[in-house]
Amino acid sequence: MNKPMKKIIIVGGVAGGASAAARLRRLDETAEIILFERGEYISFANCGLPYYIGGEIKSKAALTLQTPDSFHARFRVDVRIHHEVTAIDRQAKSVLVTHLQTGEHFSETYDTLLLSPGAGPIVPNIPGMNSPQVFTLRNIPDTYKITEFIARTRPQNAVVVGGGYIGVEMAENLTRAGLAVTTVELADQVIAPLDYDMACDVHNHMRSKGVTLILNNGVQSIQETGVNAKAVTGAGAPRLKVTLTHGELFTDMLIMAVGVKPESALARSAGLEVNPRGGILVNTRMQTSDDAIYAVGDAVEVTDFVTKQPAMIPLAGPANKQGRIAADNICGIPSQYEGTQGSAILKVFDMTIATTGINEKTAKRLGLNYDKSFTYSASHAGYYPGAVSMSVKTLFDKTTGALLGAQITGFEGADKRCDIFATAIRAGMTAHDLTKLELCYAPPYSSAKDPVNMAGFVMENLLTHKVKNFHWHDVESLPRDGSVILLDTRTQGEYAQGHIEGFINIPLDELRDHLSDPNAAALDKNKKVYVTCQVGLRGYIAARILTQNGFDAYNLSGGYRLYHSIYGQETPPDPIGTKPSRG
C-alpha cells in the first residue's frame, strides 16, 4: 500500500526555506512542495551583498545561488515568486496568498507548513527616512538601488548609521567604491558581539583605513538641503543634513543599518506563540505552538548553546541547519536543534574579526562565575616570513575551566583558530583540554604551540593559581602613592616609546639582579607588585619569578599592547620579527 502524498508549503526562501525544501525533496521524492516567496529571488547570497556594492563581487549572477527554474529542475519544487502569504487558517490548514504582480488572491491547503520569513531591517521613526538618498540593505533589489544611485550621482561621501555586521561591511565597501565614509553608532563600540576591549582593535583599524567613527551618538533627523554641487553626472542628488544627538553631518547618501527585527507578523496574526521581541517560539524539532507548523531562521527564538537561555541570533549557518532539521522531522526522522552559540566572522578591510560563544557583557549580566584572558600569538612561526599577531580573548568558568567564549581580531589564521574554539565549546571542552590539542604545525601555517594551545596554557595557569591577573580596567584605580609596586618589565627602549603612568621600568632579564640587590628598595616584599610587559608573556615570567621569591604579584592580562589599544589613538598590527621581540 502506497503512503499518502504529503503537501508541504514553505513561506520564504533564502537560507532556511530553501535548505528545507532541498532536504525535503532528498528525503521524499513523492511530496508536493510549494515555496512561496514575495520577492523575486528564492536563494541569494545575502551575506555577499555589500561586496557587490564595493566591487569585490563583480557579477550580478554570482549573487543568485538558485533561480526558480534551476530549483525546480533539480528538486521539483513548485517555486512561486512574487507571491505573498498574507494569512494562515490553522483550523482549515490553509494559507491565503496574494500574487503581487496580478493582484490575484487564492488559498492553498497544506499538510505541513514551514515558515522562513527571515528578519527585516529596523527602520527608525525619524524625520527624513523616506528620502531617496536613504537606503537599507536586505536583498538584491536593495543592492541594485544603492549601486545604481552611486553610478548615477557619483556621491563623494556617505554616512552609515549602525556599527553592526552590515554597517561595518558597508563602511568598508563604500570606501572601496571611492566614497569618504562616516559611521555613526549609538553605542560606544562597533560589532556588539565583541567586548569593548576587543572592539577597540576594530576601531583603530577602521580609522587607519580612512573611516570616520562617531560613537555614543545617534541620528535625530535627516533633511534634504539642495542639489549637491559635487555630483558630476545626471541631475545630481540633494545633499543630506544629518542631525545627531550631538552635532550634525552633511552627506550625499545614508545607509541605515541599525539592526534587524523578525518578520513574524504572519505568525502573530495566526495566533502562534512569539516572544516579546516577536521571535517565533519553537521546540527543538523546530515546531511552533501548532504541531503542523514549523519555523526556521532569523525569525525564531533559539536557545543559546552556552547559557541555555532564550536568544535571538540571526545568522545564516544556524538558519541552514534549522531548515534541515525541520525537514527531517517533517519526514519522520527524529532530529533536534541543540542551540546556537553565535559563531560568526567578519572581514573589515584586511582584518578578520571572529567570535564564538558568549561575550563578557553576557557573562556579567547572567552573573556567571567566569574569568578571562588575553593572548597575542603569531599567525605562524615567527621566523617564517609574513607572520602577524592575532588578539585572542577567551572566557572560561573559574570552577570547571569550561570554555564559554572566544573573540579574535587579526589577519591570517584568525578564522581557523576561532573554528577550533567553536568546536571546543560544542564538545564541552575545558581550558585544560585546549592545552592537549594536537593541531597541524608547519612554519608557514602555525607554531609548535598553536595560538589555541597558548590560550589554553594561560587559562590553565590561572585556574591552577600559578599566576594572578589584573586587567586594563583595573589600572586607573591602582594607587600611585608608593603603597604598591607598579612594574614594567619591557626593555628600556620599549618603555621610552610609551608606558603606563606610574610604572617603573626594570627589564625582565635584570629582574633577578634587583631581587638580590639590598639597595633595590622599590621591590619591597610587603607590597603587592603589579607587573606589565608588552602582551603579557614577559609579565607572566616576571610574576612567576616574584611569586617564588615571596612577592604577591599580579600580571596585566594583555599587557601594554591591550591597554594602549583602548586608551591610545591607534595600535597597528606589528609583523612578527620586524620589530624588537615583545612578550
Going by an N to O cut-off under 4.0 Å, is there a salt bridge joining [X] and [Y]?
{"X": "E460", "Y": "K466", "answer": "no"}
{"X": "E501", "Y": "R480", "answer": "no"}
{"X": "R417", "Y": "D450", "answer": "yes"}

I'd like to know if the side chain of [X] pairs up with that of [Y] as donor and acceptor (distance under 3.5 Å, no hydrogens or angles considered).
{"X": "T532", "Y": "D488", "answer": "no"}
{"X": "T352", "Y": "D415", "answer": "no"}
{"X": "T491", "Y": "E494", "answer": "yes"}
{"X": "D350", "Y": "H205", "answer": "yes"}
{"X": "Q309", "Y": "T303", "answer": "no"}
{"X": "T356", "Y": "Q341", "answer": "yes"}
{"X": "N275", "Y": "E301", "answer": "yes"}
{"X": "Q534", "Y": "R561", "answer": "no"}

Report yes or no: does [X] contribute a side-chain atom to a donor-acceptor pair with the main-chain N or O of [Y] at less than 3.5 Å?
{"X": "D252", "Y": "Q156", "value": "yes"}
{"X": "S447", "Y": "P443", "value": "no"}
{"X": "T153", "Y": "I150", "value": "no"}
{"X": "T430", "Y": "D433", "value": "yes"}
{"X": "H432", "Y": "M459", "value": "no"}
{"X": "S264", "Y": "G278", "value": "yes"}

### Message
Between S373 and S557, does the side chain to side chain donor-acceptor pair (under 3.5 Å) criterion hold? Intermediate values first, please.
### Response
CA-CA 6 Å; S373 73; S557 184; 5.7 Å; no

### Query
Which atoms form the tightest heavy-atom contact between E185 and G164, and what is the distance?
OE1-N, 4.5 Å

### Query
Can you say whether the rings of Y560 and H564 are parallel (under 30°), tilted (30 to 60°) or perpendicular (over 60°)?
parallel

#### Entry: Stepwise side chain to side chain contact (heavy atoms under 4.5 Å, CB included) check, K361 with Y196
CA-CA 9 Å; K361 294 186 287 279; Y196 176 78; over 6 Å; no

### Query
Is the closest side-chain heavy-atom distance between L404 and E360 below 4.5 Å?
no

### Task
Go through the steps for H499 and F503 under the test ring-ring contact (aromatic ring centres under 6.0 Å, His included), then give the verdict.
CA-CA 7 Å; H499 57 270; F503 278 69; 8.8 Å; no

### Test salt bridge (Lys or Arg N to Asp or Glu O under 4.0 Å) applied to E56 and K347, step by step
CA-CA 12 Å; E56 187 76 20; K347 185 178 87 71; 5.7 Å; no

### Query
Picking from Y376, F421, F374, what satisfies side-chain contact (heavy atoms from CB on, under 4.5 Å) with V392?
F421

## Note on the structure
The residue among T183, I191, L213 that forms side-chain contact (heavy atoms from CB on, under 4.5 Å) with H203 is L213

### Task
Step through it carefully: locate the ring centre of Y441, locate the ring centre of Y445, and say whether they are under 6.0 Å apart.
no

### Task
Go through the steps to decide whether Q220 and T245 satisfy the test side chain to side chain donor-acceptor pair (under 3.5 Å), and finish with yes or no.
CA-CA 6 Å; Q220 299 299 308; T245 306; 2.8 Å; yes

### Task
Start with the C-alpha distance between Y554 and Y530, add both sets of side-chain angles, then the distance that settles ring-ring contact (aromatic ring centres under 6.0 Å, His included), and finish with yes or no.
CA-CA 5 Å; Y554 300 78; Y530 294 89; 5.2 Å; yes

### Task
Please lay out, stage by stage, how Y370 and F396 fare under the test ring-ring contact (aromatic ring centres under 6.0 Å, His included).
CA-CA 5 Å; Y370 77 96; F396 57 98; 8.6 Å; no

